[in-house]
Amino acid sequence: MTNFTHFNEHGRAKMVDISAKEESARKAIARSSVQMKQEVYENITEQKNKKGDVLSVAQVAGIMAAKQTSSLIPMCHPIPISGVDLSFEWNALEDKVYELIIDAEVKTVGATGVEMEALTAASVTALTVYDMCKAVDKGMIIGQTYLLEKSGGKSGDFKRAES
């Protein structure tokens, strides 16, 4: 088990030591989505949701989630977050179905990256949209969550190829 980075010589979990790594500017962008019926879409875009402004609340939830990632994911290092920005885009699909695209960008200057923080922010934002709208439609679908790009660090840059 000594070849695994998150296990010690006794086969027990450990957090990787990043103290020798150089600090650098790092950024990650992750994406998630929520598919919904037209009624939910109109509820959100026309500010008619009984729980309040869905996207504003979801945005704050995503920011909070990025800041709490190390409390949720066991081997994730607590890092100073320099910035979190969430953006939303709507797509009209077939049969009066709408898709909310959620992009979460997280930045830091540190010895480890912010991919997990961006993925967590995108995921919690999608979950918050679902939570705030489930009274209207429990059939909403939270879509794939994935890393779009990252920059900085020893492993270099990554940018997902357009499909």
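Note that the coordinates shown come from a computational prediction; the quantities given were computed from them, not determined experimentally. All residue numbers refer to positions in the sequence shown, counting from 1.
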Does a salt bridge link Asp131 with Lys134, judged by any charged N lying under 4.0 Å from a carboxylate O? yes

N/O donor to acceptor pairs below 3.5 angstrom from side-chain atoms of residues 69-78, sequence neighbours left out:
| from | atom 1 | to | atom 2 | distance (Å) |
| --- | --- | --- | --- | --- |
| Thr69 | OG1 | Ala65 | O | 3.1 |
| Thr69 | OG1 | Ala66 | O | 3.1 |
| Ser71 | OG | Gln68 | OE1 | 3.4 |
| His77 | NE2 | Val16 | O | 2.7 |

Going only through I, L, V, M, F, W and Y residues with side-chain contacts under 4.5 Å, is there a path from Ile44 to Val34? yes

Distance-minimising heavy-atom pair for Ala58 and Thr125: O-OG1, 3.5 Å

In short, Thr128 meets Ala61 closest at the heavy-atom pair OG1-CB, 3.2 Å

Can you tell me how far the CD atom of Gln59 sits from the OG atom of Ser87, to the nearest 0.5 Å? 8.5 Å

So salt bridge (Lys or Arg N to Asp or Glu O under 4.0 Å) across residues 148-157, not counting sequence neighbours, yields Lys27-Glu149, Glu149-Lys159

Which pairs count as salt bridge (Lys or Arg N to Asp or Glu O under 4.0 Å) when at least one residue sits in residues 47-72, sequence neighbours excluded? Glu46-Lys48

Show the nearest heavy-atom pair for residues Ala122 and Ser32, with the distance to one decimal. O-CB, 3.7 Å

Check for a donor-acceptor pair, side chain of Asn43 on one end and backbone N or O of Val136 on the other, with a separation under 3.5 Å. no

What is the distance from atom CG of Leu100 to atom CG of Asn91, rounded to the nearest 0.5 Å? 9.0 Å

Nearest heavy atoms of Ile29 and Leu147, plus distance in Å: O-CD1, 3.4 Å

Just grab all the salt bridge (Lys or Arg N to Asp or Glu O under 4.0 Å) pairs involving residues 75-102, residues at least two apart or on different chains. none

Could you grab the distance from atom CD of Gln38 to atom CG of Leu93, nearest 0.5 Å is fine? 12.0 Å

Please round to the nearest 0.5 Å and tell me the distance separating atom OG of Ser151 and atom CZ of Arg26. 9.5 Å

Linked, directly or transitively: Ile63 and Val114 (ILVMFWY side chains, under 4.5 Å): yes

Can you pull the side chain to side chain donor-acceptor pair (under 3.5 Å) pairs that have at least one residue in residues 100-120, sequence neighbours excluded? Arg31-Asp103

Within one Ile-Leu-Val-Met-Phe-Trp-Tyr cluster: Val106 and Ile101, side-chain cutoff 4.5 Å: no

Kindly state each residue pair satisfying ring pair (Phe, Tyr, Trp, His ring centres under 6.0 Å) with at least one member in residues 20-54, sequence neighbours excluded. Tyr41-Trp90, Tyr41-Tyr98

Joint cluster assignment, Val124 & Ile102, ILVMFWY side-chain distance < 4.5 Å: no

Under a 4.5 Å side-chain heavy-atom rule over Ile, Leu, Val, Met, Phe, Trp and Tyr, are Met140 and Leu127 clustered together? yes

Least distance between heavy atoms, Ala126 atom then Ser33 atom: CB-O, 4.3 Å

Taking all non-hydrogen atoms of both residues into account, name the closest pair between Ile142 and Tyr130 and its distance. CD1-CB, 4.2 Å

